[in-house]
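Below is one structure; the comments refer to it alone.
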Amino acid sequence: MENVLAVLNLGDFAQAFSKMGMFPVFDVAYYIVSILYLKYEPGSVEVSRRSPVASWLCAMLYCFGSYILADIMLGSSPLDYFQYNSHILLASAVWYLIFYCPLNLFYKCVAFLPVKLVLVALKEVVRTRKIAAGVHHAHHAYHHGYFIMVVVGYVKGSGVALISNFEQLLRGVWRPETNEILNMSFPTKASLYGAILFTLQESHWLPVSKSVLILVFTLFMATAKVKPSPETRTSYYVRSEASRVAKDYSPVRVALLQHTFTKVKVKSSHTRQKTQTHQLNTSQNWNYPVRDVSGIHLFHFV
Amino acid sequence: MENVLAVLNLGDFAQAFSKMGMFPVFDVAYYIVSILYLKYEPGSVEVSRRSPVASWLCAMLYCFGSYILADIMLGSSPLDYFQYNSHILLASAVWYLIFYCPLNLFYKCVAFLPVKLVLVALKEVVRTRKIAAGVHHAHHAYHHGYFIMVVVGYVKGSGVALISNFEQLLRGVWRPETNEILNMSFPTKASLYGAILFTLQESHWLPVSKSVLILVFTLFMATAKVKPSPETRTSYYVRSEASRVAKDYSPVRVALLQHTFTKVKVKSSHTRQKTQTHQLNTSQNWNYPVRDVSGIHLFHFV
Amino acid sequence: MENVLAVLNLGDFAQAFSKMGMFPVFDVAYYIVSILYLKYEPGSVEVSRRSPVASWLCAMLYCFGSYILADIMLGSSPLDYFQYNSHILLASAVWYLIFYCPLNLFYKCVAFLPVKLVLVALKEVVRTRKIAAGVHHAHHAYHHGYFIMVVVGYVKGSGVALISNFEQLLRGVWRPETNEILNMSFPTKASLYGAILFTLQESHWLPVSKSVLILVFTLFMATAKVKPSPETRTSYYVRSEASRVAKDYSPVRVALLQHTFTKVKVKSSHTRQKTQTHQLNTSQNWNYPVRDVSGIHLFHFV
């Protein structure tokens, strides 16, 4: 009896959760985290000084890349989402604050780890919704186009990551030797699995209601992003960070980094670590991604 | 009298030929030959091991690139053709068998020269049909858009070749110094002429029925691909192969190759030659296309 | 009283000016100037010899890039404008004459400075009209999509400049380190401001009639392009030309160039200078833009 009630309550909660409006709180969190990752990109701060138009365009790609891509995939106007002026203005305000706020104040606030963890969790709520909406939209256009549903959902979940080569090109950076499909990051991979799950649900092959699936997938994503298990975290992030640095640095430095990084992970829950954001954004090191390795990259390329 | 009868019979045959269904036999041949050419691309086997998603996407571009491009050109959804799940599943099965079949068995069967010759001939049947369908489709959308008809027919006939730069980028390879329009291969050039012919036919400037044109163009393409005249073959292929190899190798090796290759050509109709597929797919030689030169490239980049 | 009459007359004139047909005189001027700039691109003459199809495609991008981009932005077929066969044939004729005319006669005529000044002025008339039409078109599709209007107007005014990276790729040239958005040229920047002005007008925030705005903006653009004030011209063009050359040449040569160029500017209004078109189009120097510096680049990348 109590079991049934619990299930019913979960269903009600999931229903309410899946109906909850995203604008403006969740959307703002999404914009903040997205543009934060743009600022982490080497050279992006310099670009914002040299050409605000290019920087703004990149920020829009980071915030609305998923809509643009999904619209292209379904043959609509890629600018379709730009008719929502309030969303664009909000994202532009966030972009302005992150890049041009005096004393870098806004950036310091949102990049502060506890704040950022909350924002990242909120962002995952938006991502899951986007995947579900993308699959639903594609299902509406192509009733039995299972591949189309998966692709549109995938694209809605991954966004700018899938076109990062061209987003970089806009900033004058060109790295053809890799791309997000060749080396999938965790969020891109999870978006693919999510898109497959939502497609199965939409085609009634997965006997679960959409609201429950949204709730479960959101919880999974937020948990995976905000507090991964110690083993995974150490192995996944250290490896990825070390491999990225290994291209440019001597083995000694990599070993040191790996050592430090592992320690930082262990400590991060107890003590507050200094987040040294030494973004060396000079034109010389555009091709050498030097990133701060003090926890800020826990959730890189979200 | 007999002459007229013969003409009538040809007309009937052409009519029957142009109505013949392509699915599944011809389509499978098309998929096999297309994905075979993907496998010949240096680095593609390694990509299939590192990132099956990227490899699958490349295979889909090779099989359905012409539909994707034509849909983009006419302003439809680029994923439109992906609603035909059976076609996608069939192409995916072919991709799986060619890249992951135990002992490379499937690949060895279809790359066996006599089998391949038949498949290549079947593929040309599909190509001609695609050009005709593309021109017809464009004519339906733009009644007097002669340039649009030619472009759509061209794109339908050439497919992935026209976007090979971006298909390579998906595999982490970037060769901006050339592209298919700057250095047209025989099939691309033939597709252009075919598109012009079908446009003239569609606009009633060419006094010939479409079915006859389909038959004649198919025969021309299949013949040109499967058994070119000895002179042409030797000159065209040896030159193209030698020039491709010349970029990477010493003149001595090129001379040797040219010698061997010419000999192989002469022998190929009498004896069975060993097809050594030594695909050296390491990341070091991604940019140095080393291809097997034993006849398998007779029909390269179809 | 007379004042009012003058205003009325201006209004009438603006009305008549904004209704004036562009085809064929103004359009031909647009095609000539556009394809002239294609011919100035290093390597483009060689491409026209190696692959006329690639050269023709580039010419079409230069002439109709603005239509193609605007159609893509609004979700239409990128080939939509190619249904106007007369326009395409006219542009193709201009392309043929500029690249293949015996003795380079046509090129010499239209590159003759006084003729070119008139053509450039006529081109600016077309550009302004395009921006206004683009904003109007976007307004029709998205009544309150202010961002969409600005983007479509911008794209209509800038045309091929915005996709110059991909236009160059078609000719086998790849310069990822820069693009038109990162380093905006004067016409691109002016198009952006123009698009913003026309959007404000279209949304009734700018209390001025569209015909007057067209007239004023055309006059501004034509004046800015044809006779900039001596100070601006010297500083802007010499700096841009010198910086472009500085990448490849020794400081001595740059100093010499700067010296010569400044002199030429001063003299150009009094005397006729020889236009030495020494386009060194060999594959070796594709990546080293060597341009003639004798005034012909006054209006580069229009």
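When reading the values below, keep in mind they use all heavy atoms of this one structure, side chains included, and skip hydrogens, waters and symmetry mates. Each chain gets a letter, A, B and so on, in the order the sequences are listed, and its residues count up from 1.
Counting heavy atoms of neighbouring residues, nucleotides and ligands inside a 6.0 Å radius, atom OH of A:Tyr84 does not exceed 12 of them. Taking a 6.0 Å sphere around OH of A:Tyr193, one finds it holds 12 or fewer heavy atoms contributed by other residues, nucleotides or ligands.
Of all non-hydrogen atoms in B:Arg50 and A:Leu182, the two that sit nearest each other are NH2-CG, 3.8 Å.
With rounding to the nearest 0.5 Å, the separation of OG in B:Ser77 from CD1 in A:Ile72 is 11.0 Å. For the atom pair B:Trp174 CH2 and A:Asn165 CG, the distance stands at 9.0 Å (nearest 0.5 Å). The distance from atom OH of A:Tyr146 to atom CD of B:Gln83, rounded to the nearest 0.5 Å, is 12.0 Å. From B:Asn85, atom CG reaches atom CD1 of A:Ile148 across 8.0 Å, with rounding to the nearest 0.5 Å. A distance of 9.5 Å separates CE of A:Met73 from CZ of B:Phe82, quoted to the nearest 0.5 Å. Separating the CG atom in B:Leu169 from the CD atom in A:Glu177 is a distance of 10.0 Å, to the nearest 0.5 Å.
Each of A:Pro176, A:Ala141, A:Gly75, A:Gly145 has some count of heavy-atom pairs under 4.5 Å with chain B, and the biggest count is that of A:Pro176.
Here the side chains of A:Leu74 and B:Leu79 are not in contact, with every heavy-atom distance at 4.5 Å or above. The shortest side-chain heavy-atom distance between B:Asp80 and A:Tyr142 falls under the 4.5 Å cut-off.
Panel note: side chain B:Ser51, backbone A:Ile181; a donor-acceptor pair is recorded below 3.5 Å.
B:Phe166 touches chain A through its side chain: at least one heavy atom from C-beta onward sits under 4.5 Å away, while N, CA, C and O do not. With a 4.5 Å cut-off on non-hydrogen atoms, A:Asn183 touches chain B through its side chain but not through its backbone.
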